[in-house]
Amino acid sequence: LGLAETYFAAFVLELGLGEVNAGLILTVPMLLAALAQLGTPGLVRRLGSYRGFVIFSAGFQALSLIPLAIVALVGSAPAWLVFLLVTLYWLGPVAGGPAWASWMGVMVPGRVRARFFGYRNRWLQAGVLGGILVGGLTLRLSNVFDERNAALAPDDRWFGGADTTLPAFALIFLLAGVFRAVSTRYLVLQTQPSPLPVTERGVSVRELAGRLSRSADGRLIVYLFFAQATLQMALPFWHPYVREQLQFNYLEYVALLAAAYVGRMLALPAWGRLAQAHGPKTLLWVGGLATVPLSVLWLASDTFAWLLAAQLVGGVALAAFELGSFLLQIECVRPEERTSVISKFTAVHSLGMATGSVAGGAILGAEPGARAYEVLFVVASLARVLTIPVLIAVRRAAERPPGEEAGQEAGKEAGGGVAVLPAPASPERTLAPAPGEEVVAERVLADARASEAGGRPPRHDGAPGRAAR
């Protein structure tokens, strides 16, 4: 995550494919991948294994980074090819997301789920931030090398004086592929109960469309479509604005990227406590209103210090919006329908993102230059004001599914410092654990504690559940 998609927009700019394509690369490929993942529930049922499908998806994503590295080494490519390769990259995690969520719902029992995901997501946060910093440092070092190389006499220059920024992107993508392959190896080491407890009910597009005006999940999906469309009208184009219009170097660019992520990390515990105390609807209200002025903040000043503060504030606001929408998805969708409905949520959200970014690209294309960015960012904020009446229509589900406390549980996780993925997210299914799984989960937690303490993880020879591996 930190080494790959974070830098797709900067990669497109470095290839000379233009500022509009730099914004669209963050949304259009994800939409194409989200449409393809609508077949995930059927493929999982045919394969008979959540684990197998997730491993295949992760391995596919690792391999998809190789052609992107080749393009970086070649130094040029048509826009359609870059969009195709990025779509293939997204196909792995987007298609595997629903299966992974269902697998984790089976693997991690409810009584240890909050603690388990607390440990997992703390490592995840550190990894993403580390990837962003490593990628930014690599690009900055390539710029410094080019500057010093250009100062040498022509006969003394390394690589004939050629620019090394695109080869630096190749290195970044290859590193991301290696790390993804390592994570795939750890997925292979995980277990899965046998036989596969697939109990979810499929929900057709027609049936879900009929709920848009009369059910909690239907009203939520309508709001999130418009919310994503208006957010992504401006957010993808922040990257070319900072790099091309403000001419910030890679070190400054990466610092601003990291600031938004740090804002999320700092805010999530407080937002989790708010959701637990007052419900996810209140949190979504806070997030929906707080995101309205985000893009206008970028216009108040073009100094690095101001934009750094704006990014921190933006991260806090987006954390509330993302967590609130995630918790409401858990609360509003019936447990037996989650795999099917969440896959359609993903497609609709991605459609909203692509729609917004295409509209933003049209504004930039109509009047290139700094003035176009000013118009775009103001229009995007005004458009988000128009989503407030849709937000009013969102109501919490009248009753929770019997025996389910998913919303409360997720709020507790967030209150413990857990990072929640941006909407569309895939909540865990609530399934009974197979024999021995609670022991496995407890031992995973013990290993994590031992690693944090600097000791060696204990051995678990003869552990129940080993045969399921």
Side-chain angles (χ1 to χ4, degrees), residues 1-17 21-22 24-37 39-40 43 47 51-97 99-100 124 127-128 130-143 145 159 162-190 236 239 250 254 257 350:
L1 174 61
L3 278 170
E5 62 251 35
T6 303
Y7 291 102
F8 283 161
F11 179 54
V12 168
L13 290 172
E14 199 65 39
L15 287 173
L17 298 179
N21 283 329
L24 296 179
I25 199 67
L26 300 178
T27 57
V28 173
M30 190 181 294
L31 169 62
L32 298 176
L35 294 176
Q37 65 84 41
T40 293
L43 290 174
L47 183 62
R51 174 178 174 272
F53 191 83
V54 171
I55 291 171
F56 173 79
S57 300
F60 183 86
Q61 187 184 31
L63 293 174
S64 71
L65 286 159
I66 296 176
L68 281 168
I70 293 173
V71 167
L73 290 174
V74 171
S76 64
W80 67 265
L81 178 60
V82 177
F83 274 76
L84 174 62
L85 295 180
V86 174
T87 300
L88 293 177
Y89 168 87
W90 278 114
L91 191 59
V94 173
W100 180 86
L124 178 64
V128 173
I132 291 174
L133 296 177
V134 168
L137 181 61
T138 302
L139 293 173
R140 180 56 183 163
L141 288 177
S142 73
N143 291 162
F145 175 83
F159 312 117
D163 188 273
T164 61
T165 303
L166 282 172
F169 274 105
L171 177 60
I172 288 172
F173 293 151
L174 288 175
L175 281 174
V178 169
F179 286 128
R180 194 64 177 113
V182 172
S183 72
T184 303
R185 170 60 179 165
Y186 279 97
L187 289 172
V188 171
L189 296 176
Q190 301 306 308
H239 302 268
Y250 275 117
V254 170
L257 283 175
S350 299

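The residues of the chain are indexed from 1 along the displayed sequence.
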If you compare all heavy atoms of [X] against all heavy atoms of [Y], which two are closest, and at what distance to 0.1 Å?
{"X": "Gln190", "Y": "Arg51", "answer": "O-NE, 3.0 Å"}
{"X": "Asn21", "Y": "Leu17", "answer": "ND2-O, 2.9 Å"}
{"X": "Ala34", "Y": "Ser350", "answer": "CB-OG, 3.3 Å"}
{"X": "Ala62", "Y": "Gly177", "answer": "CB-O, 3.8 Å"}

Report task. State which residues pass ring pair (Phe, Tyr, Trp, His ring centres under 6.0 Å) with Phe169; sequence neighbours excluded, sorted by chain then number. Result -> Phe11

Query raised in the report: For Ile172 and Leu139, what are the C-alpha separation, side-chain angles and deciding distance, and is it a side chain to side chain contact (heavy atoms under 4.5 Å, CB included)?
Result: CA-CA 9 Å; Ile172 288 172; Leu139 293 173; 3.7 Å; yes

Taking distance alone, no hydrogens or angles, what donor-acceptor pairs closer than 3.5 Å link side-chain atoms of residues 69-91 to residues at least two apart or in another chain?
unit_1	atom_1	unit_2	atom_2	d
Thr87	OG1	Phe83	O	2.7
Tyr89	OH	Glu5	OE1	2.1
Tyr89	OH	Gln61	NE2	3.3

Do [X] and [Y] have side-chain heavy atoms sitting under 4.5 Å apart?
{"X": "Leu26", "Y": "His239", "result": "yes"}
{"X": "Leu65", "Y": "Leu68", "result": "yes"}
{"X": "Arg180", "Y": "Leu63", "result": "no"}

Query raised in the report: Around Phe56, counting heavy atoms of other residues, nucleotides and ligands shown, do more than 12 lie under 6.0 Å from its CZ?
Result: no

Query - Residues in side-chain hydrogen bond (donor to acceptor under 3.5 Å, both in side chains) contact with Thr184, at least two apart in sequence or another chain - result: none

Query raised in the report: Looking at Leu3, Thr6, Leu137, which one forms a side-chain contact (heavy atoms from CB on, under 4.5 Å) with Ile132?
Result: Thr6

Query - Partner of Leu133 by side-chain contact (heavy atoms from CB on, under 4.5 Å), out of Val128, Leu257, Val254, Thr138 - result: Val254

Rounded to the nearest 0.5 Å, how far does [atom2] of [Y] lie from [atom1] of [X]?
{"X": "Ile25", "Y": "Met30", "atom1": "CD1", "atom2": "CE", "value": "11.0 Å"}
{"X": "Thr164", "Y": "Leu171", "atom1": "OG1", "atom2": "CG", "value": "10.5 Å"}
{"X": "Leu187", "Y": "Arg185", "atom1": "CG", "atom2": "CZ", "value": "11.0 Å"}

Query raised in the report: Are any side-chain N or O atoms of Tyr7 and backbone N or O atoms of Gly136, one a donor and one an acceptor, separated by less than 3.5 Å?
Result: yes

